[in-house]
Amino acid sequence: MNPLNRLDLYKQMVRIRQYESRILQEYHADKKPAWDIGAGLIPGEMHLSAGQEPSAVGVCANLKQGDAITAPHRPHHFALAHGVDMNAMTAEIYGRDTGLCRGKGGHMHLFDPENHFSCSGIIAQGYPVACGQAMAFKRKGTDHVAVAVAGEGAANQGAFHESLNLASLWKLPVIFVIEDNDWAISVPRSHSTANASNADRASGYGMPGVRIENNDVEAVFEAAGVAIDRARAGGGPSLIEIHTLRLWGHFEGDAQAYRGADLDTLDARDPIPLYAATLAEIGDLSMDQVASIAADAAAEVDAAITFATSSPFPTADDALLHVFA
Amino acid sequence: MNPLNRLDLYKQMVRIRQYESRILQEYHADKKPAWDIGAGLIPGEMHLSAGQEPSAVGVCANLKQGDAITAPHRPHHFALAHGVDMNAMTAEIYGRDTGLCRGKGGHMHLFDPENHFSCSGIIAQGYPVACGQAMAFKRKGTDHVAVAVAGEGAANQGAFHESLNLASLWKLPVIFVIEDNDWAISVPRSHSTANASNADRASGYGMPGVRIENNDVEAVFEAAGVAIDRARAGGGPSLIEIHTLRLWGHFEGDAQAYRGADLDTLDARDPIPLYAATLAEIGDLSMDQVASIAADAAAEVDAAITFATSSPFPTADDALLHVFA
Amino acid sequence: MTTTETPTRRITTAKAMAEGIALEMRRDPGVFVMGEDVGAYGGIFGSTTDLFAEFGADRVIDTPISETGFIGAGIGAAVEGLRPVVELMFIDFYGVCMDQITNHMAKIHYESGGNVTVPMVLMAATGGGYSDAAQHSQCLWGTFAHLPGIKVVVPSNPYDAKGLMISAIQDDNPVLYLFHKGAQGLVWMEKNPRSIAHVPEESFTVPIGEAAVAREGTDVTIVTLSLSVQHSLDVAEQLVAEGISVEVIDLRSLVPLDTQTVLASVAKTGRVLVVDEDYRSFGLTGEIAAVIAEHDPMMLKKPFRRLAVPDVPIPYARVLEQGILPTRDKIAAGVRELMS
Amino acid sequence: MTTTETPTRRITTAKAMAEGIALEMRRDPGVFVMGEDVGAYGGIFGSTTDLFAEFGADRVIDTPISETGFIGAGIGAAVEGLRPVVELMFIDFYGVCMDQITNHMAKIHYESGGNVTVPMVLMAATGGGYSDAAQHSQCLWGTFAHLPGIKVVVPSNPYDAKGLMISAIQDDNPVLYLFHKGAQGLVWMEKNPRSIAHVPEESFTVPIGEAAVAREGTDVTIVTLSLSVQHSLDVAEQLVAEGISVEVIDLRSLVPLDTQTVLASVAKTGRVLVVDEDYRSFGLTGEIAAVIAEHDPMMLKKPFRRLAVPDVPIPYARVLEQGILPTRDKIAAGVRELMS
Ligand SMILES: Cc1ncc(C[n+]2csc(CCOP(=O)(O)OP(=O)(O)O)c2C)c(N)n1
Ligand SMILES: Cc1ncc(C[n+]2csc(CCOP(=O)(O)OP(=O)(O)O)c2C)c(N)n1
Ligand SMILES: [Mg+2]
Ligand SMILES: [Mg+2]
């Protein structure tokens with residue numbers, strides 16, 4: 001297990017939040033006057049991860065080069081925490097030729113083979129793919145692991161079940177991560193899931209399952225460390241459910257009329273100031289550091305956006321390329 | 001819960017076995033000299049249920065007119081135990097115009113709306129349909145239940161997971177029955193399922209789960225009675241896994257070379273002579289009764305086969321009917 | 001009120017769909033709605049707007065993300081005599097529930113020898129044009145039209161949206177109702193004014209299986225459907241200035257397909273362009289070619305022309321996506337080529 | 001032995017497939033096989049015969065009945081550089097795993113802007129004719145050919161079965177390999193002698209995307225594939241006696257589609273019958289019509305003709321099923337009609 005480095009966890013969370021905040025601005029900036037989802041520098045759906053930084057950061061702090069992640073429609077936090085190049089990722093979100101996928105993928109389809117990172121917009125369908133990556137790692141005799149990420153809503157999709165059974169049966173080095181942010185678009189957990197914790201479902205596949213409350217990055221880090229070590233050692237898969245927080249709408253443009261009182265407590269539950277306070281209390285973080293970490297993150301994100309906006313667009317004819325290798 | 005009537009359970013098991021034995025003969029009778037699956041009075045795949053009578057008989061003894069069953073590719077025992085007309089069912093298997101489905105369905109697609117019985121050849125896909133039947137029963141304010149049947153192999157299909165969650169979430173009157181006959185074609189349970197009992201998976205959906213060992217018809221009857229009463233009373237779904245026995249091949253023509261030592265003990269595990277012995281021991285069944293029950297069953301099956309073989313075939317043009325209502 | 005009242009109550013396609021459902025729900029207690037975010041949210045693309053407020057959680061049911069589960073449940077409920085209207089949020093998600101759709105919903109009636117009916121509507125959003133990329137922008141109607149047992153309807157405007165919805169709910173067969181996001185008239189998406197139009201308040205039906213001549217013309221026939229009807233009508237208006245008279249056929253239903261209306265138009269013009277936002281090969285464009293070539297290839301004064309997505313997944317970046325969609329420019333170019 | 005040795009080692013299509021896989025497994029340790037009953041059983045339709053004995057449980061892997069799970073796992077393994085050969089037992093089961101097939105296997109390469117490859121073979125049994133009814137008898141190749149990103153090959157004989165399998169495994173793209181049960185040469189199914197033929201023992205490839213002129217002729221072109229090639233060749237031989245010269249085009253690949261070979265033949269004969277065991281509408285037959293009509297409808301001396309399953313699910317009873325399949329009789333009648 002990697003040693004716990006609190007400051008690194010904090011920095012990474014801030015970096016991700018800074019990224020999502022700037023994308024939020026940029027996304028909305030030029031969709032007016034009549035708000036048009038297809039218009040602007042960043043068109044299309046946009047699912048931001050603000051509030052969910054602890055899960056990505058806590059998990060990825062245990063990974064090494066060569067480990068894989070399959071993320072869902074809300075992928076930025078895992079991409080950044082896993083080392084996907086911010087410039088190339090941003091250029092992709094801006095639909096540029098310098099993007100990770102030359103503008104073909106977009107924010108829900110970020111593919112970074114160097115970092116074995118991918119995501120998909122279809123609920124829970126990254127789970128089986130991660131099993132296959134884990135198969136490959138095992139067959140090649142490496143100790144790499146594959147991390148499969150999905151939301152609590154996704155845990156009611158058939159692919160979840162098939163993947164957990166397969167991974168356990170074949171003792172594959174997979175860590176199944178469920179980000180429980182209480183909502184699947186407008187549907188609360190209580191209307192989607194018949195039992196209280198997906199961790200309890202793990203025993204039905206003969207694998208360890210743990211649920212982490214309070215959006216606690218250190219608890220995620222510890223639990224992921226145990227699961228990843230186990231997987232590397234040939235002990236097979238584990239499931240980790242993280243009770244996290246969707247600070248913003250499901251996608252941008254979501255008015256969240258359905259959300260009710262839940263909205264009022266959001267600020268108080270924001271994991272980043274909470275973690276900053278914790279670190280300050282134990283003397284691991286000064287006010288100066290808070291400011292400089294924020295400034296560094298802002299500079300990095302600004303540079304990435306500049307890279308993206310100054311990159312060329314693909315041409316219409318490029319659309320015909322890459323159907324087949 | 002219906003009262004336990006041991007003799008009725010026995011009679012129904014014998015009746016089903018007699019049926020399957022005669023279909024076995026008929027199916028193979030005219031496929032020679034070169035065995036051709038598409039030839040003969042009964043063409044196509046044939047999945048017989050010999051050895052699995054206890055599950056169908058034990059469950060269905062608790063059902064009443066208006067309750068529904070969705071069965072899988074191996075449906076005869078449930079169809080007969082649920083009251084599907086033997087003549088019409090047999091005519092269907094023989095591809096006749098008097099068949100349940102006018103010869104269009106065949107042995108894997110028996111539809112009897114009067115008895116709310118249906119089956120499907122796609123693994124586990126009867127589970128969601130049963131949920132919908134249960135929804136309808138509930139919405140109409142009846143106390144009817146839907147029974148969804150599948151094999152232990154099917155319990156690793158996504159539809160299983162989605163259906164159990166849905167039924168529990170919506171408190172639907174469904175009884176999920178898993179017939180664990182140790183095999184999914186050539187794949188043993190140990191190669192398909194990561195945990196020992198599907199009953200243990202039930203808690204992951206917040207519903208009761210029970211596993212019945214020893215292919216015990218009375219234990220099935222009791223457990224199904226509890227589950228069905230619960231469902232009728234608005235208590236929601238239950239899962240029942242029955243450890244049963246596939247006496248014959250997966251389908252007819254299956255040489256079972258993969259099955260090994262398991263084959264040697266089959267006779268000793270046949271549930272019908274075992275139950276006869278139990279009943280004889282407690283004085284509920286005489287040798288005379290054994291003979292007369294067998295004779296009655298044989299007569300009924302003979303009559304059904306005569307009905308089928310003396311029925312007209314559909315015509316080729318009938319194939320164009322019934323695409324749309 | 002009396003003096004300012006206008007006979008042309010203009011509503012969006014989305015609202016027209018929801019209105020059709022509401023009318024049927026009022027008439028028939030067996031009709032209910034089920035899907036993801038169809039309740040308080042009103043459907044991601046507005047197809048169930050206001051239904052939750054009127055009918056409540058018991059008849060407008062939010063589901064888990066379990067498409068196989070709840071579409072299968074719709075089938076089971078339909079088999080027992082109810083009339084579910086089930087939403088699959090994007091047609092692109094068909095792959096997680098295709099077995100229920102094509103092996104069960106579509107086949108039960110036939111397999112049962114006509115003894116069981118499945119009176120169910122499956123509605124789903126289709127189409128691209130707003131950078132939603134490869135997994136959220138497909139049309140896929142050709143895929144479903146290829147597989148027997150499902151009626152497939154695809155409205156292009158508010159009036160048809162309402163009338164086809166009512167027909168679909170009343171039909172004793174499973175009906176796949178595909179609505180294009182770009183033709184819903186949503187406030188948050190670029191739209192053609194044709195997505196907001198007069199629709200009568202009362203109940204009415206548009207028959208399933210009848211194409212409409214959306215515009216009469218004499219030089220070129222455009223056979224099309226859904227959002228591409230709106231584009232094609234725009235192009236037809238624009239080409240008047242070039243002296244080209246375009247007839248636009250709005251298929252409205254793919255199954256059953258109204259081949260008579262297509263053939264009558266082609267007989268008149270002798271020039272045909274099929275415009276389809278689905279993939280080009282092995283789909284709608286080919287079927288129309290076959291209908292004509294079977295009937296009489298000599299009807300064609302010019303080789304058959306088709307404009308569809310050129311067998312590539314839908315790319316994300318706007319410039320790429322516009323490059324492969326059947327835009328007005330490409331439609332106009334196609335018509336001009338036929339006239340050259 | 002030396003004197004009786006014959007250069008024509010005759011094997012079944014099933015055996016030829018398995019041989020192709022074995023050759024690639026020997027050559028490349030990254031190739032492995034996964035599916036239901038592919039191990040000791042050898043594949044329900046013989047596609048993995050003897051592989052388990054040679055390569056063991058580690059490379060010939062029996063899976064649970066979790067098609068989404070294991071096809072997705074194949075994709076993940078392929079993305080990481082292995083070359084899985086995954087069997088979906090019947091193509092009819094696509095509905096439980098279609099999302100992995102068409103939203104993932106097919107699209108990852110494109111979505112990634114060409115940066116990720118998915119070198120994977122998905123093989124599946126197709127076709128009817130032996131009373132396996134509506135859920136186990138479909139061809140469905142039109143469905144997959146419609147969706148971009150997957151090569152689709154469909155052999156009709158042992159030689160092509162082996163050569164296409166080797167090509168498919170070596171291809172860096174996902175290849176869907178559809179084999180007709182009735183052309184496998186199985187001992188337990190009615191078969192055409194054409195399902196057992198000479199196949200060289202060594203490795204060889206048949207290029208993906210090239211149709212074959214299975215028989216030359218001058219009067220009528222039959223465009224077809226899979227088992228229907230065997231039937232069409234039988235009919236062509238039979239019609240010699242009636243003075244009709246039939247050319248039979250075996251498409252072998254649907255994606256890419258060899259339009260040149262089709263057009264060259266139609267240019268010669270001017271009469272075309274497409275024979276397809278898939279559903280008629282919105283599929284292969286339409287695509288061939290479009291290819292011709294786009295090129296030049298005047299090539300056709302007679303209206304285009306197609307013979308396919310008439311948009312009904314496959315019925316169970318033999319008389320019903322034979323009524324809707326493209327049998328030899330119906331093919332012969334179709335050819336005769338074109339000559340009348
Ligand atoms: C198979 C499928 N069904 C539905 C959707 C539409 N959809 C996208 S995100 C989403 C909600 C996901 O909820 P959850 O898994 O909890 O993740 P979260 O958005 O909360 O991060 C839905 C229903 C989809 N993309 N794929
Ligand atoms: C989705 C799907 N996958 C595979 C099959 C092929 N198949 C038919 S029966 C069977 C085995 C079923 O095993 P189990 O569920 O244990 O039932 P049993 O046959 O033992 O009664 C398989 C794999 C199928 N019909 N549907
Ligand atoms: Mg969520
Ligand atoms: Mg079994």
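Lettering follows sequence order; numbering is per chain, from 1.
The CZ atom of Phe93(D) sits 9.0 Å away from atom CG of Asp99(C), with the distance rounded to the nearest 0.5 Å. The structure places OG of Ser281(D) at 11.0 Å from CG of Leu284(C), a figure rounded to the nearest 0.5 Å.
With chain C as the partner, the residue from Val291(D), Ile288(D), Leu300(D) showing the most heavy-atom pairs under 4.5 Å is Leu300(D). Between chain C and the options Val312(D), Thr102(D), Val96(D), Val255(D), the largest number of non-hydrogen pairs under 4.5 Å is found for Val312(D). Considering only heavy-atom pairs separated by less than 4.5 Å from chain C, the leading option among His146(D), His104(D), Met98(D) is His146(D). Counting heavy-atom pairs closer than 4.5 Å to chain C, the top-ranked of the candidates Ala289(D), Gly142(D), Ala145(D), Pro310(D) is Ala145(D). The choice from Tyr94(C), Tyr316(C), Tyr279(C) that makes the most heavy-atom pairs within less than 4.5 Å of chain D is Tyr279(C). Between chain C and the residues Gly286(D), Pro148(D), Pro297(D), the most heavy-atom pairs under 4.5 angstrom are made by Pro148(D). Between chain D and the residues Asp311(C), Thr285(C), Asn103(C), the most heavy-atom pairs under 4.5 angstrom are made by Asn103(C). Comparing Gly283(D), Ala106(D), Gly113(D) by heavy-atom pairs within less than 4.5 Å of chain C, the highest count is held by Gly283(D).
You'll find the side chain of Phe282(C) stays beyond 4.5 Å of the side chain of Thr143(D), heavy atoms only.
Residue Thr68(C): no heavy atom, backbone or side chain, is found under 4.5 Å from chain D. Residue Tyr110(C) touches chain D through its side chain alone, counting heavy-atom pairs closer than 4.5 Å. Only the side chain of Leu257(C) comes within contact range of chain D, with at least one heavy atom under 4.5 Å from a heavy atom of that chain.
Contacts of residues 122-140 of chain D with chain C at a heavy-atom distance below 4.5 Å involve Ala134(D), Gln135(D), Gln138(D), Leu140(D), listed in sequence order.
Sorted by first and then second residue, the salt bridge (Lys or Arg N to Asp or Glu O under 4.0 Å) pairs involving residues 269-297 of chain C (not counting sequence neighbours) are Glu287(C)-Arg306(D), Glu294(C)-Arg306(D).
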